[in-house]
Participant: 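Dropping the structure in here first, questions after.
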Protein chains: 2
Amino acid sequence: METEKQERIINAALKEFAQKGYEKASTNEIVKEARISKGLLFHYFKTKKDLFLFLYDFCIEILLNEFFRKIDVMEKDILIRLRQMTLLKFDLIRKHPEMFDFLMVAYGEDSDDIKKELDERNKGHIATGFKMLFAEFDASKFREGMDIPKAIEVISWTLEGFSKKQQEKIKLVPLNKIDYESILAEMDLYLELLKKCFYR
Amino acid sequence: METEKQERIINAALKEFAQKGYEKASTNEIVKEARISKGLLFHYFKTKKDLFLFLYDFCIEILLNEFFRKIDVMEKDILIRLRQMTLLKFDLIRKHPEMFDFLMVAYGEDSDDIKKELDERNKGHIATGFKMLFAEFDASKFREGMDIPKAIEVISWTLEGFSKKQQEKIKLVPLNKIDYESILAEMDLYLELLKKCFYR
DNA sequence: AAAGTAATCGACCACATTGGTCAATTAAAG
DNA sequence: CTTTAATTGACCAATGTGGTCGATTACTTT
């Protein structure tokens with residue numbers, strides 16, 4: 001099958017699911033957007049559920065792989081590591097916005113039809129990866145008497161809050177002229193502030 | 001009309017809208033849950049839209065009023081003020097969880113049918129209230145050379161992140177035995193940490 | 001060229017659900 | 001006893017659903 005048609009189907013489906021969630025998403029809309037017939041869609045994916053779960057695995061595979069491949073586990077400075085993770089996240093959103101949106105919606109999905117399958121898959125991903133990200137950092141950089149786990153949480157929440165704020169701003173601007181440099185610079189101001197507070 | 005029946009209708013509608021959003025919410029489900037006839041619902045609220053907007057105004061009135069009535073605008077210590085606001089939010093969620101959930105969903109609603117009306121209303125609320133909350137605090141408490149607006153954002157994001165974390169925990173526990181004291185105590189640890197960093 | 005096979009189509013289906021109506025019944029008030 | 005208000009639920013046209021299937025097209029293989 002031509003890869004271009006494949007892409008059309010995948011993109012159409014991602015978009016539809018991301019926009020409306022599993023149940024409200026319409027296979028009719030998907031085939032319309034992908035410019036294929038109803039029959040073809042159900043020829044390749046036997047059911048709506050199959051389609052959804054295929055997309056899920058597909059996106060996880062790509063996004064998570066890219067994330068873990070690029071991350072530098074040798075970096076022992078937790079502040080830099082968190083900064084790096086945030087940057088990676090930004091990149092993924094920029095490069096694969098549809099996949100990212102889809103996964104976000106899938107994560108919050110609670111339709112009985114797919115909940116079980118989704119939970120199973122998540123156990124693997126979440127448990128496997130995200131513990132590793134905070135392991136073996138250099139605790140000696142923190143000030144004495146500092147509650148380090150709490151400090152790390154504060155940093156994470158700050159980065160998260162900042163990201164969300166930027167994400168909302170970006171939605172209102174034409175994509176071609178977004179000044180990533182200045183966003184990055186601003187983020188570093190927050191990190192500098194926290195560094196002065198938390199580090200020796 | 002009996003207040004008890006009123007409450008049944010309101011609660012049923014809040015629950016349904018909060019659960020499924022405006023469009024997916026079913027008037028049939030609402031009347032079933034409220035144990036009234038279809039006709040009666042549309043006798044009081046001419047359309048689904050009317051019902052939704054009534055609920056919105058109803059909840060805003062109650063929750064926002066309660067919030068602004070209880071908040072102490074004389075408190076000049078921004079850390080204490082933010083702490084207070086978080087506590088108030090906790091209280092509101094505990095006392096009116098359905099209303100809170102409903103407003104959260106309503107806030108993210110983007111159905112064409114109601115978007116216009118919702119935006120109009122929001123302009124008023126958001127603009128009016130939330131600027132005031134950060135006005136006239138005592139900036140002299142901060143360390144010299146500190147970027148105060150950024151510091152305040154960090155505090156806000158921390159409180160937000162902490163709240164969300166607790167909210168998720170709470171969902172998994174039977175409501176009767178939640179230890180609010182210890183949650184509060186833990187929150188104060190974060191605030192203490194930030195105070196040491198940001199204040200003189 | 002013929003035969004076979006895989007890709008593709010779109011009309012069609014049975015079914016569920018929707019927001020909303022309305023003539024009729026019951027309950028309350030004057 | 002009459003008037004008025006509250007309340008019912010069967011009913012409606014419309015829309016949309018996920019999925020099927022026999023027919024058609026396009027491509028290979030013989």
Side-chain angles (χ1 to χ4, degrees), chain A residues 1-56 58 102 105-106 109-118, chain B residues 1-56 58 102 105-106 109-118:
Chain A
M1 183 187 199
E2 312 146 51
T3 56
E4 191 256 341
K5 193 181 285 185
Q6 263 183 51
E7 270 175 27
R8 253 165 39 217
I9 298 178
I10 288 177
N11 283 335
L14 282 176
K15 191 171 147 190
E16 178 74 3
F17 279 124
Q19 225 160 51
K20 311 196 191 170
Y22 177 71
E23 292 209 315
K24 249 179 114 184
S26 159
T27 51
N28 291 323
E29 287 298 314
I30 293 173
V31 301
K32 199 198 291 174
E33 170 94 13
R35 282 167 291 146
I36 59 164
S37 69
K38 196 87 173 280
L40 192 57
L41 183 69
F42 283 93
H43 175 69
Y44 285 116
F45 308 94
K46 298 204 186 315
T47 65
K48 190 184 182 183
K49 187 174 169 180
D50 279 2
L51 170 59
F52 184 89
L53 291 175
F54 166 81
L55 290 174
Y56 186 80
F58 180 75
F102 172 83
V105 169
E109 191 64 58
D110 66 337
S111 163
D112 290 333
D113 225 17
I114 48 170
K115 214 157 109 179
K116 222 182 60 187
E117 280 88 345
L118 239 42
Chain B
M1 186 186 196
E2 313 144 49
T3 55
E4 191 256 343
K5 192 180 287 184
Q6 264 185 49
E7 272 175 27
R8 252 163 40 213
I9 298 178
I10 288 176
N11 283 335
L14 284 175
K15 191 171 147 191
E16 179 74 5
F17 279 124
Q19 224 158 51
K20 313 196 190 167
Y22 177 72
E23 292 208 315
K24 246 179 120 184
S26 159
T27 51
N28 292 322
E29 287 298 313
I30 293 173
V31 301
K32 199 199 289 174
E33 169 95 12
R35 280 167 292 147
I36 58 163
S37 71
K38 196 87 172 282
L40 192 58
L41 182 69
F42 283 92
H43 174 69
Y44 286 116
F45 307 94
K46 298 204 187 315
T47 66
K48 191 186 183 182
K49 187 174 169 182
D50 279 2
L51 170 59
F52 184 89
L53 292 175
F54 165 81
L55 290 174
Y56 186 80
F58 179 76
F102 172 83
V105 170
E109 193 64 58
D110 66 337
S111 164
D112 291 332
D113 223 18
I114 49 169
K115 212 157 109 176
K116 222 182 60 186
E117 279 88 344
L118 240 41

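We name chains A, B, ... by the order of the sequence lines, and we start the count at 1 in each one.
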Participant: Can you tell me how far C1' of D:dG16 sits from CD of A:E29, to the nearest Å?
Facilitator: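 To the nearest whole Å, that distance equals 10 Å.
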
Participant: Anything under 4.0 Å to a heavy atom of chain B counts; send over the first and last such nucleotide of DNA chain C, read 5' to 3'.
Facilitator: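 So the contact region on DNA chain C extends C:dT18 to C:dC22.
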
Participant: Could you pull out all residues at least two apart from A:F58 that satisfy side chain to side chain contact (heavy atoms under 4.5 Å, CB included)?
Facilitator: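 By the side chain to side chain contact (heavy atoms under 4.5 Å, CB included) rule, A:F58 matches A:I10, A:F54, A:I62, A:M99.
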
Participant: Counting only non-hydrogen atoms, which of residues 3-23 of chain A are less than 4.0 Å from DNA chain C?
Facilitator: A:K5

Participant: Could you tell me whether A:K48 sits above the aromatic face of A:Y22, with NZ or CZ closer than 6.0 angstrom to the six-membered ring centre and within 45 degrees of the axis?
Facilitator: yes

Participant: For A:Y56, what residues pass the side chain to side chain contact (heavy atoms under 4.5 Å, CB included) criterion, not counting sequence neighbours?
Facilitator: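 Testing A:Y56 for side chain to side chain contact (heavy atoms under 4.5 Å, CB included), a comparison that skips the adjacent residues, returns A:I60, A:F102, A:L103, A:A106, A:L118, A:R121, A:N122, A:H125.
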
Participant: Got a sec, which residues hit side chain to side chain donor-acceptor pair (under 3.5 Å) with B:E117, two or more places apart in sequence or on another chain?
Facilitator: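 Side chain to side chain donor-acceptor pair (under 3.5 Å) list for B:E117, sorted by chain: B:K49.
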
Participant: Can you tell me the distance, in whole Å, between the CD atom of B:E2 and the C1' atom of D:dT7?
Facilitator: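 So the CD-C1' distance, B:E2 to D:dT7, works out to 11 Å.
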
Participant: So, using side chain to side chain contact (heavy atoms under 4.5 Å, CB included) as the criterion, who are the partners of B:D110 when residues are at least two apart?
Facilitator: B:K115

Participant: Residues in side chain to side chain contact (heavy atoms under 4.5 Å, CB included) with B:V31, at least two apart?
Facilitator: B:I36, B:K38, B:L41

Participant: Among all residues two or more places apart in sequence or in another chain, which pass the side chain to side chain donor-acceptor pair (under 3.5 Å) test with A:K32?
Facilitator: A:E29

Participant: With salt bridge (Lys or Arg N to Asp or Glu O under 4.0 Å) as the rule and sequence neighbours excluded, what pairs involving residues 9-28 of chain A come up?
Facilitator: A:K15-A:E33, A:E16-A:K20, A:E23-B:K24, A:K24-B:E23

Participant: Output all residues satisfying side chain to side chain donor-acceptor pair (under 3.5 Å) with B:E4, sequence neighbours left out; order by chain, then residue number.
Facilitator: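 Once residues adjacent in sequence are excluded, the partners of B:E4 under the side chain to side chain donor-acceptor pair (under 3.5 Å) criterion are B:R8.
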
Participant: Counting only heavy atoms and a strict 4.0 angstrom limit, can you tell me which residues of residues 31-54 of chain A come near DNA chain D?
Facilitator: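 Hits under 4.0 Å, by residue number: A:K38, A:G39, A:F42, A:T47, A:K48.
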
Participant: Does A:E7 have any side chain to side chain donor-acceptor pair (under 3.5 Å) partners at least two apart in sequence or in another chain, and if so, which?
Facilitator: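 Side chain to side chain donor-acceptor pair (under 3.5 Å) check on A:E7 returns nothing, list empty.
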
